[in-house]
Amino acid sequence: MARTYVIGAGLAGLSAALALSRGGRAVTLIEATRRAGGRCRSFHDPMLDAIIDNGNHLVMSGNKAAMRFLDEVGTRHRMVGPQGAAFPFVDLASGEHWTVRPNWGPIPFWIFAPWRRVPGSSFLSFLPALKLLMAGSRQTVADVLPAKGALYRGLWEPLVIAAINARPDQAAAVLMKPVLLETFARGSSACRPLIAKVSLAESFIDPAIDILEARGVDIRFGERVQALTSENGKVNSFTIADSTVVLGDGDNLILAVPPWDAASLLPELQVPAAGEPIVNVHFRLVRPPRGEGAVALLGVIGGFAHWIFVRDDIVSITISAAGDEAQLDADEIASRCWADVQVALGVDGAVPPFRVVKEKRATFAQDPAAVARRPDATTRLDNLYLAGDWTNTGLPATIEGAIRSGSKAAGLAAKPVKGRKA
Ligand SMILES: Cc1cc2nc3c(=O)[nH]c(=O)nc-3n(C[C@H](O)[C@H](O)[C@H](O)COP(=O)(O)OP(=O)(O)OC[C@H]3O[C@@H](n4cnc5c(N)ncnc54)[C@H](O)[C@@H]3O)c2cc1C
C-alpha cells in the first residue's frame with residue numbers, strides 16, 4: 001500500500017496523520033524530538049513540581065477544526081472556560097474590572113448593552129472595526145483601526161496582540177477578518193474561550209498519539225529528517241542520521257515542520273522567515289487564588305503581563321509580541337509579572353516559585369510582507385505537501401490554522417494530482 005510520510009508531530013503533523021489514518025492509509029509519522037506537540041507541548045517542571053505547558057494556549061469554541069480534532073481524540077471535555085462567551089479584563093491603572101460578553105446568535109445586540117462591553121465605549125465605537133473586514137493585504141491593523149478610545153484600549157488592542165502575536169502597527173489586518181467572522185460574528189456559541197483543563201498534552205497531544213498508535217501508524221520519535229532528494233518532479237528519498245528512506249511509487253511526503261526547518265530542507269521554498277517571541281511565566285502559589293480546581297482567564301490592560309490564566313494553584317502569564325520582554329532576564333520578568341498578578345487577583349506575598357519560558361520563535365512575524373510569503377500546501381514536487389501554521393491558511397498562526405493545514409495536506413496527499421507548480 002502506498003505510504004505517506006508525515007514529518008513533524010506538532011498539531012499540523014498530528015492532524016495530517018489523523019486524517020490519513022482515519023481513511024485507512026499507511027502512515028509513518030517522524031518527529032525530531034522525543035515527544036509530540038512541537039510548539040504546543042507540556043512538561044514536568046521540577047521547580048514547580050507541576051506539569052506546565054510551554055505557553056498558555058487559548059482556543060475559541062468557534063475554532064471548528066480544533067473542535068473536530070478534540071472530538072476525534074475524545075477530549076473536548078478536557079477544555080474548559082467560563083460558562084458562556086465571557087472575556088474578563090482588569091485595568092491595572094484604574095483597578096476597574098469588566099467582562100466583554102457577546103450575546104447568542106449572529107446579531108450583535110451586545111454592543112448596545114453597556115454592561116456587556118468595555119466601560120467608556122459606545123456602540124458607535126464598534127463601527128471603525130468594520131474596516132478590519134475590508135482590509136487590504138498590505139495594511140496593518142493600525143492602518144485601518146485608529147489607536148484611540150476605550151474600546152481600542154480595552155478590547156481591540158489586546159485581542160489583536162493575542163490573536164496575531166504582533167502589535168497593531170505590525171499585525172497584518174487581513175488576519176483579523178477570519179478571527180472576527182468565525183468567532184465574534186457568530187455569537188456566543190462560537191466565542192467561548194477555552195483552555196486545557198490540565199495541560200496541552202492531556203487535551204490534544206497524548207490522546208492523538210494513542211489513537212494513531214491504535215490505528216497502526218508507525219511513529220518514530222528522536223529522528224530528524226536531514227535532507228530530501230528529488231528526481232523527475234518528485235521526492236524520491238530522505239535521510240535521517242545515516243539511513244536513507246526511499247519512497248516507492250505512490251508514496252507521499254507531508255512536511256509539517258516550522259518554516260525555518262522547511263526552508264533548510266527545501267532551500268528554494270519561499271517562507272515567512274522571521275519569528276515573533278511569546279513569553280510565559282508560571283507561578284505556583286501556596287493556595288489556589290480562585291479556589292480549589294478553579295480555572296480562569298483575565299485580560300490585563302496597562303500591565304507588563306497581557307493575560308493571566310489560573311489553573312488551581314498555578315497562575316500563568318502570557319506576554320505576546322514579546323520581542324523586548326524576551327531580552328530581559330527571568331528574575332526581572334517574573335517580578336514584574338508578579339506585581340501585576342498581585343493587583344489583578346488581589347493576592348500578596350513575595351514572588352512564589354516560578355518558571356519563565358521564552359519561546360523566541362513562537363510564530364512567524366505576522367506582518368503584511370510575511371503573510372504574502374506564506375506558501376500553499378502544494379509544492380513543485382508532485383508528492384510533497386506542506387502543512388503548518390505558517391502555510392497559507394488565511395488564519396493567524398494558531399492551533400486552528402495548524403490543524404486545518406494538516407487536514408488539507410492530508411486531503412491532497414490522499415488524492416495526488418498531476419501537473420504541480422513549475
Ligand atoms: C508560547 C506560545 C503560545 C501560543 N499561544 C497560542 C494560543 O493561545 N492559541 C493558539 O491557537 N495558538 C497559540 N500558539 C501557536 C500554536 O502553538 C502553533 O500555531 C501550533 O502549535 C503550530 O503547530 P505546527 O504543527 O504548525 O508546528 P510545530 O508545533 O512547530 O510542530 C513542528 C514539529 O516538527 C518537528 N520538526 C522540525 N524539523 C523537523 C525535522 N527536520 N524532522 C522531523 N521533525 C521535525 C518539530 O520538532 C515540531 O515537533 C502559541 C505558540 C506558542 C509557542
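Values reported hereafter were calculated over all heavy atoms of this structure, with side chains retained and with hydrogens, waters and symmetry mates removed.
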Worksheet item: Within the side chain of Ser42, is there an N or O that forms a donor-acceptor pair under 3.5 Å with the backbone of Ala201?
Response: yes

Worksheet entry | Quiz item: cation-pi between Arg101 and Trp110, 6.0 Å / 45° | no

Item to complete: Look at the side chain of Arg78 and the backbone N and O of Leu70, then say whether any donor-acceptor pair between them is shorter than 3.5 Å.
Response: no

Worksheet item: Would you say the side-chain atoms of Arg374 pair up with the backbone N or O of Trp390, donor to acceptor, closer than 3.5 Å?
Response: yes

Worksheet item: Taking C-beta and beyond as the side chain, do Leu194 and Leu58 meet within less than 4.5 Å on heavy atoms?
Response: no

Item to complete: Ignoring hydrogens and angles, tell me if any N or O in the side chain of Thr140 forms a donor-acceptor pair with the backbone of Asp143 under 3.5 Å.
Response: yes

Worksheet item: Can you tell me how far CG of Leu151 sits from OG of Ser121, rounded to the nearest 0.5 angstrom?
Response: 5.0 Å

Practice prompt. Please list, chain by chain and in numerical order, all residues satisfying ring pair (Phe, Tyr, Trp, His ring centres under 6.0 Å) with Phe89, sequence neighbours excluded.
Written response: Trp98, Trp307

Worksheet item: Will you find, in the side chains of Asn56 and Asn280, an N or O donor that is under 3.5 Å from an N or O acceptor?
Response: yes

Discussion item. How close do Pro352 and Leu285 get, counting heavy atoms only, and between which atoms?
Written reply: CG-CD1, 4.1 Å

Fill in: Close side-chain approach of Ile308 to Leu297, heavy-atom, < 4.5 Å
no

Worksheet item: Is it true that a side-chain atom of Thr398 and a backbone atom of Gly401 form a donor plus acceptor pair closer than 3.5 Å?
Response: yes

Discussion item. Quick check against the 3.5 Å criterion: does Arg39 have a side-chain atom that pairs as donor or acceptor with the backbone of Ala362?
Written reply: yes

Discussion item. Closer than 4.0 angstrom, basic N to acidic O: yes or no for Arg153 and Asp91?
Written reply: yes

Practice prompt. Taking atom CD1 of Ile107 as the centre, report whether more than 12 heavy atoms of other residues, nucleotides or ligands fall under 6.0 Å from it.
Written response: no

Practice prompt. Measure the CG-CG distance between Leu266 and Leu381 for me, rounded to the nearest 0.5 Å.
Written response: 7.0 Å

Discussion item. To the closest 0.5 Å, what do you measure between CG (Asp329) and CD (Gln327)?
Written reply: 11.5 Å

Worksheet entry | Spacing of Ile7 atom CD1 and Leu255 atom CG [to the nearest 0.5 Å] | 7.0 Å

Item to complete: Scan residues 41-52 for pairs that pass salt bridge (charged side-chain N to carboxylate O under 4.0 Å, His left out), counting only residues two or more places apart or in two chains.
Response: Arg41-Glu359, Asp45-Arg355

Practice prompt. May I ask you to decide whether Arg290 forms a salt bridge with Asp313, counting only side-chain N to carboxylate O separations under 4.0 Å?
Written response: no

Item to complete: Answer yes when Arg380 and Glu268 have at least one side-chain N-carboxylate O distance shorter than 4.0 Å, and no when they do not.
Response: yes

Worksheet entry | Contact check, side chains of Leu14 and Phe69, non-hydrogen atoms, under 4.5 Å | yes

Worksheet item: How far apart are the C-alpha atoms of Ser199 and Glu202, what are their side-chain angles, what is the distance that settles it, and do they pass the side-chain contact (heavy atoms from CB on, under 4.5 Å) test?
Response: CA-CA 5 Å; Ser199 68; Glu202 201 216 42; 3.4 Å; yes

Fill in: side-chain contact (heavy atoms from CB on, under 4.5 Å) evaluation trace for Glu325 with Val356
CA-CA 11 Å; Glu325 292 83 348; Val356 173; over 6 Å; no

Practice prompt. Scan side-chain atoms only and decide if Ser188 and Asn103 contain a donor-acceptor pair under the 3.5 Å cut-off.
Written response: no

Practice prompt. Give the intermediate values and the outcome of side-chain hydrogen bond (donor to acceptor under 3.5 Å, both in side chains) for residues Arg3 and Thr28.
Written response: CA-CA 7 Å; Arg3 178 166 292 275; Thr28 296; 2.9 Å; yes

Practice prompt. Any chance you could lay out the side-chain hydrogen bond (donor to acceptor under 3.5 Å, both in side chains) test for Asn392 and Asp376, step after step, and finish with the verdict?
Written response: CA-CA 5 Å; Asn392 193 11; Asp376 288 331; 3.2 Å; yes

Worksheet, complete the sentence: For Phe87, the ring pair (Phe, Tyr, Trp, His ring centres under 6.0 Å) test, sequence neighbours excluded, returns Phe184

Worksheet entry | Intermediate values then yes/no, salt bridge (Lys or Arg N to Asp or Glu O under 4.0 Å), Arg311 and Asp53 | CA-CA 12 Å; Arg311 263 195 216 98; Asp53 296 332; 3.7 Å; yes

Item to complete: Taking the side chain as every heavy atom from C-beta outward, state whether Pro396 and Asn165 have any atom pair closer than 4.5 Å.
Response: no

Practice prompt. Check whether any side-chain heavy atom of His306 lies under 4.5 Å from a side-chain heavy atom of Val300, and answer yes or no.
Written response: no

Fill in: Heavy-atom neighbours of Met47 CE exceed 12 at 6.0 Å
no

Fill in: Glu72/Arg68 salt bridge by N-O under 4.0 Å criterion
no

Worksheet item: If only atom types and distance count, is the side chain of Asp367 paired as donor or acceptor with the main-chain N or O of Ala370 below 3.5 Å?
Response: yes

Discussion item. How close do Ser61 and Ala190 get, counting heavy atoms only, and between which atoms?
Written reply: OG-C, 3.2 Å

Worksheet item: If you take all heavy atoms of Thr75 and Ser203, which pair is closest and at what distance?
Response: OG1-O, 2.6 Å

Worksheet item: In chain order, what residues pass the ring pair (Phe, Tyr, Trp, His ring centres under 6.0 Å) check against Trp156, with sequence neighbours excluded?
Response: none

Mind listing the side-chain donor-acceptor pairs of residues 334-345 below 3.5 Å, one per line with the distance, residues two or more places apart or on another chain?
| residue | atom | partner | partner atom | Å |
| --- | --- | --- | --- | --- |
| Ser335 | OG | Asp331 | O | 3.3 |
| Ser335 | OG | Glu332 | O | 3.3 |
| Arg336 | NH1 | Glu332 | OE2 | 3.4 |
| Trp338 | NE1 | Gly349 | O | 2.9 |
| Asp340 | OD2 | Phe304 | N | 2.6 |
| Asp340 | OD2 | Ala305 | N | 2.8 |
| Gln342 | NE2 | Gly349 | O | 2.9 |

Worksheet, complete the sentence: Contacts of Phe364 meeting ring pair (Phe, Tyr, Trp, His ring centres under 6.0 Å) (sequence neighbours excluded), chain-then-number -> none

Discussion item. Could you check whether any side-chain N or O of Arg186 sits under 3.5 Å from a backbone N or O of Glu182, counting only pairs where one atom can act as donor and the other as acceptor?
Written reply: yes

Item to complete: Spell out, as yes or no, whether a donor-acceptor pair under 3.5 Å connects the side chain of Glu292 to the backbone of Pro288.
Response: no

Item to complete: Kindly determine whether Val100 and Arg116 satisfy side-chain contact (heavy atoms from CB on, under 4.5 Å), including the steps that lead there.
Response: CA-CA 5 Å; Val100 173; Arg116 285 179 178 272; over 6 Å; no

Worksheet item: Going from NE2 on His57 to CG on Leu11, what distance comes out if it is rounded to the nearest 0.5 angstrom?
Response: 7.5 Å

Worksheet item: Can you say whether the rings of Phe238 and Tyr5 are parallel (under 30°), tilted (30 to 60°) or perpendicular (over 60°)?
Response: perpendicular

Practice prompt. Mind listing the closest non-hydrogen atom pair of Ala150 and Pro119 along with its distance?
Written response: CB-O, 3.5 Å

Item to complete: Indicate yes or no for a side-chain donor-acceptor contact from Thr393 to the backbone of Asp389 under 3.5 Å, with no hydrogens or angles considered.
Response: no

Worksheet item: For Ala173 and Ala135, which heavy atoms make the closest approach, and how far apart are they?
Response: CB-CB, 3.4 Å

Item to complete: Please examine the side chains of Thr318 and Ser320, heavy atoms only from C-beta on, and report whether any two atoms are closer than 4.5 Å.
Response: yes

Worksheet item: Hey, what do you get for CD (Glu276) to CD1 (Ile161), rounding to the nearest 0.5 Å?
Response: 10.5 Å

Worksheet item: Is the number of heavy atoms from other residues, nucleotides or ligands within 6.0 Å of CZ (Arg22) greater than 12?
Response: yes

Practice prompt. Could you tell me which non-hydrogen atom of Ile164 sits nearest to which non-hydrogen atom of Ala172, and how far apart they are?
Written response: CD1-O, 3.6 Å

Discussion item. When you compare the side chain of Ser21 with that of Leu212, does any pair of heavy atoms fall below 4.5 Å?
Written reply: yes

